[in-house]
Amino acid sequence: MRMISALLTAILIAPVATAGETAMQASHSYVGLWVTEDGSIRHELLTNGRYVEARGTRERAYEGRYEVTGTHIEYWDDTGFTADGDFINGVLYHAGMILYRQ
């Protein structure tokens with residue numbers, strides 16, 4: 001009985017990914033942190049289709065959603081502007097910046 005109770009507890013408190021998170025994880029391998037060579041710009045691509053961009057000492061300078069299609073990425077910032085970029089040979093080229101996987 002203890003084993004069943006422990007199993008039920010583990011199932012009930014385990015984190016559950018949404019359908020969007022599962023699809024995002026499966027659709028591309030670019031999730032993670034991308035950084036300019038000098039470290040001043042940092043993009044974190046999250047598994048749930050959201051991103052957080054840090055600039056210098058501003059840790060959450062920009063936030064929004066993103067979508068990856070093949071090697072192309074589209075960004076929609078929460079404040080309303082859009083941007084895009086491309087992953088080429090393991091490097092992210094975005095809005096005149098070059099970011100490397102951290």
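Below, all heavy atoms of this structure are taken into account, side chains as well, without hydrogens, waters or symmetry copies.
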## Note on the structure
Those residues at least two apart in sequence (or on a different chain) that pass side chain to side chain donor-acceptor pair (under 3.5 Å) with Thr79 are Asp77
### Task
For Tyr75, enumerate each residue passing the side chain to side chain donor-acceptor pair (under 3.5 Å) test, keeping only those at least two apart in sequence or located in another chain.
His43
### Summary
The side-chain contact (heavy atoms from CB on, under 4.5 Å) partners of Leu33 (sequence neighbours excluded) come to Val35, Arg42, Glu44, Gln102
### Message
Taking the ring centre of each residue, are Tyr62 and Phe81 less than 6.0 Å apart?
### Response
yes
### Query
Is it the case that more than 12 heavy atoms not belonging to Asn89 sit under 6.0 Å from its CG atom?
no
### Task
Applying side-chain contact (heavy atoms from CB on, under 4.5 Å), run through Leu92 and Ile98 and close with a yes or a no.
CA-CA 6 Å; Leu92 172 55; Ile98 301 171; over 6 Å; no
### Query
Do Leu46 and Asn48 pass the side-chain contact (heavy atoms from CB on, under 4.5 Å) test, and can you show the C-alpha distance, the side-chain angles, and the key distance before you say yes or no?
CA-CA 5 Å; Leu46 306 171; Asn48 63 357; 3.4 Å; yes
### Task
List in chain and number order the residues that pass side chain to side chain donor-acceptor pair (under 3.5 Å) with Glu74, two or more places apart in sequence or in another chain; answer none if no residue qualifies.
His72
### Message
Hydrophobic clusters here meaning ILVMFWY residues chained together by side-chain heavy-atom distances under 4.5 Å, can you tell me if Tyr100 and Ile88 are in one?
### Response
yes
### Student check: side-chain heavy atoms of Glu53 and Arg55 closer than 4.5 Å
yes
### Query
What's the shortest heavy-atom distance between Leu45 and Tyr51, and which atoms?
CD2-CB, 3.9 Å
### Task
For Arg65, check side-chain contact (heavy atoms from CB on, under 4.5 Å) against everything at least two apart and list the hits.
Arg50, Glu67, Trp76
### Task
Using modelled atom types only, decide if a donor and an acceptor are shared between the side chain of Thr36 and the backbone of Ile41 within a distance under 3.5 Å.
yes
### Message
I need the full list of salt bridge (charged side-chain N to carboxylate O under 4.0 Å, His left out) pairs touching residues 79-102, with sequence neighbours left out, sorted by first then second residue.
### Response
none
### Member of Phe87, Tyr66, Tyr93 meeting the ring pair (Phe, Tyr, Trp, His ring centres under 6.0 Å) criterion with Trp34
Phe87
